[in-house]
Structures are given as structure tokens and as C-alpha cells.
Amino acid sequence: MLVLGIETSCDETGIALYDSERGLIADALDSQVAMHAEYGGVVPELASRDHIRKTIPLIRQVLRDAGAAIDDLDGVAYTAGPGLIGALMVGASIGRSLAYGLGVPAVEVHHMEAHLLAPLMTDEQDNSRPVLPFVALLVSGGHTQLVRVAAIGHYEILGESVDDAAGEAFDKAAKMLGLGYPGGPALAALARSGTPGRFKFPRPMTDRPGLDFSFSGLKTYTLNTVRSIDSLTDQDKADIAYAFEEAVVETLTIKCRRALEATSVDDLVVAGGVSANVQLRKALEERLDATVHYAPPALCTDNGAMIAFAGYQRLAAGQSAPLAIRTRARWPMDELPPLTEKADDG
Ligand code: KG4
Ligand code: ZN
């Protein structure tokens, strides 16, 4: 089965082809980062307009790269939520219409489920594949969640952020240090020259039981630290970046340990943009008694491959979207239908 994946939920246009026999056979990504950078964050209307410009040329490109024709497609998967509604509408309109025109099923993909499944996109022979049930830590720009995964589509939210997401906190702290947008990778790079131990930032919500997160206090703490220094030197900035990253990493690690203990599970899947963070990977591997799985770095941040792969799982289970073009800015993951039941296929 050949599935086209379309991702347009935020500021990346990601298009890919997943073949059930051969795996990922083409993958193209256009990032709008440079366009939004001068505004310090994503401007939703600019994002939508750019997706309109990029989606169809990138679909043509992946077909060309794979040596496939448009009518070789057996299904079209597109991100239907959560995300920016205008941006989602672009991918959903193009994807739904294309599937209708070709007479093939379409499937509405949940962006966070796609992140969660991305680490499973490895070779079936690969024994590093996570064993069900597993715990997933989803850490992106919009979400921070711990999920118990009993099977694909069976998600129990164990805990989530009550305010900012981890990636959002990285981006905001980076902005305070003058690092531009998106700040996560830049802050992580700067932290490498930071002095361990100069600052000690709080580990929010780790001193009480529970699996929820809060990152807004850490953001305020960062701002207060920045303001407490008269003229910030590059070394001051690196030291603050170090303390910030260390606090986020340790907080996430503590909560993952708790989640694994509470569920008696041995496998941890880490997904979403922040799962590309090297210190986070190192801490989880070194400090947890669990097998930790991630997607390759390029598939941690937004991409079309994860959408094609997640869509394929649902199409293969007989699920498909109705003719209506539906998108959801908010979409709790535990509302997803299990894979074994037929979803709305109006
Ligand atoms: O999953 P993603 O690409 O988009 C969303 O679904 O939100 O995640 C983007 C987030 C941004 O906040 C970005 O700063 C963060 O992931 N990020 C990182 C790193 N790479 C991306 N944060 C910390 N360290 C990184 N290496
Ligand atoms: Zn994402």
C-alpha cells in the first residue's frame, strides 16, 4: 500500500511517501523558520499562505523522487489536528480533495499520535522496536504528555503540562537570551559551553506526587535570573542556558521514572521536537532502568513521514475519513478510536 502523508499543522510543510513493503520511500520538508524568525514566533496567517505555496510542489517532488505516479497512491493521510486551524485546513483540503479525485481513501491523522508512532517506523526486523505496552513521553512545542500505550490507538494520558509545553519553554527561555526563533536547538547548543553548578534552577512539580508538568515557573525563574545580571556576557548566557536545560531534562527524567514505575513498564518511547535534545537522551538512557526508543533526529521534529506512517496504520485497519474536510485545533489523544474498530467512514 502506497500512502502519501501531508503535514501542515504549524510552520513546516512535510510531504512523504510510505510504502507498506518498502518503508519510507520519499520525504520532503520545507521549513518556514526563516520567514517567522523576524516576528519571534509563528505568524498563523503567514504559515497558512506558505503551506498553500509549498504543498502541491512538494507532492510533485516526492512522487518524482520515488519514481511514482499520482495514481499509484492507495491512500492519502493528512494532519487534521491539533495545530493552527488555518494551516491545518491547507493540508486537509488538498489531501481530502486529492483522495476524492483519485477515488482512494483519506485518513485524518492526529499530529501527536504521529509523533508517538515515529520511533516505530524502523525495520520490522529491528529488535530495538518498543514492546507493548510502553510509556511515551511526548515533548513538542505544543505538548508535554506522558502516555501509556497499550496498543496503537489505545492511549491513556498519565500526565501533562498544566501550562507551557517543554518545547515552548525552551523557545521562550531562548528568546530571553536573545537567541531568536525557534530557540530550542540554539539554547541546547549554547548550554554546551555553560558552567555546571553556577546556577541551580527549580525542578517544577517534582516534590509532590503526580505525573503532571508545569514549565511556566521555570520561565519566570529564567527571566528573573537574566534581569539580575547587569550586562549579560556570552558566558552568563551559556551558564543560564546550561541551568535551564539541566532543570528541564531532570524534571522530565524524574517524571518518566515515576511513570514507568507506576505502570510497571520497561520500554519508554520519547517523541516530538524536544526528543532531539542530546542531554535529554543521555539522561534518560543513563538514569532510567528502561529501554529508551526515539525516532532518528530528522523524524523527531515535524515531518510528513510520520503522518504517512500513522495514516498507513489506520488505513490498514480499515479506517478512513468521511468526505467532509475536518480539522481540530484541539484534539485530546485519548479520543482517538482504537485501531481494531472501524472509525467513521461515512
Ligand atoms: O514536534 P515539533 O517539531 O513541533 C511541534 O509539534 O510543536 O517540536 C518543536 C519544538 C520547538 O519548541 C523546538 O524548540 C523544540 O521542539 N526542539 C528542541 C530541540 N530541537 C527541537 N528543544 C530542545 N533541544 C533540541 N535539540
Ligand atoms: Zn510536532
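All values below come from the heavy atoms of this structure, side chains included, with hydrogens, waters and symmetry mates left out.
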So which of N303, L120, V3 actually passes side-chain contact (heavy atoms from CB on, under 4.5 Å) with F309?
L120
On a heavy-atom basis, the closest approach of T301 and G273 is CG2-CA, 3.7 Å
Would you mind checking if R198 and D236 are paired as a salt bridge, meaning a charged N to carboxylate O distance below 4.0 Å?
yes
Could you verify whether a donor N or O on one side chain and an acceptor N or O on the other, from H51 and D30, lie under 3.5 Å apart?
no
Tell me, do V162 and F213 make a side-chain contact under 4.5 Å, heavy atoms counted?
no
Output, in order, the C-alpha distance, side-chain angles, deciding distance and verdict of side-chain contact (heavy atoms from CB on, under 4.5 Å) for T8 and T55.
CA-CA 8 Å; T8 65; T55 303; 3.9 Å; yes
For the residue pair H154 and D334, confirm or rule out a side-chain donor-acceptor distance under 3.5 Å.
no
Less than 4.0 angstrom from a charged side-chain N to a carboxylate O is my criterion; do R314 and E113 meet it?
yes
Would you confirm whether the ring centroid of F244 sits within less than 6.0 angstrom of the ring centroid of F170?
yes
Hey, are the side chains of V149 and L116 touching, using non-hydrogen atoms and a 4.5 Å cut-off?
yes
Assess, by modelled atom type and distance only, whether the side chains of D267 and T291 contain a donor and an acceptor separated by less than 3.5 Å.
no
When you check the gap from the basic side-chain N to the acidic O, do E285 and R281 get nearer than 4.0 Å?
no
Residue list, salt bridge (charged side-chain N to carboxylate O under 4.0 Å, His left out) with R203, at least two apart or on another chain
E246, E250
The side chain to side chain contact (heavy atoms under 4.5 Å, CB included) partners of D171 (sequence neighbours excluded) come to P182
R96 to Y78 six-membered ring, cation-pi geometry met (6.0 Å, 45°)
no
With T13 as reference, evaluate K54, R53, E7 under the side-chain contact (heavy atoms from CB on, under 4.5 Å) test and give the passing residue.
K54
Side chain proximity check, V131 to D266, heavy atoms < 4.5 angstrom:
no
Take the angle between the ring planes of Y18 and Y312 and call it parallel below 30°, perpendicular above 60°, tilted in between.
tilted
Would you call P337 and Q319 a side-chain contact if the rule is heavy atoms closer than 4.5 Å?
yes
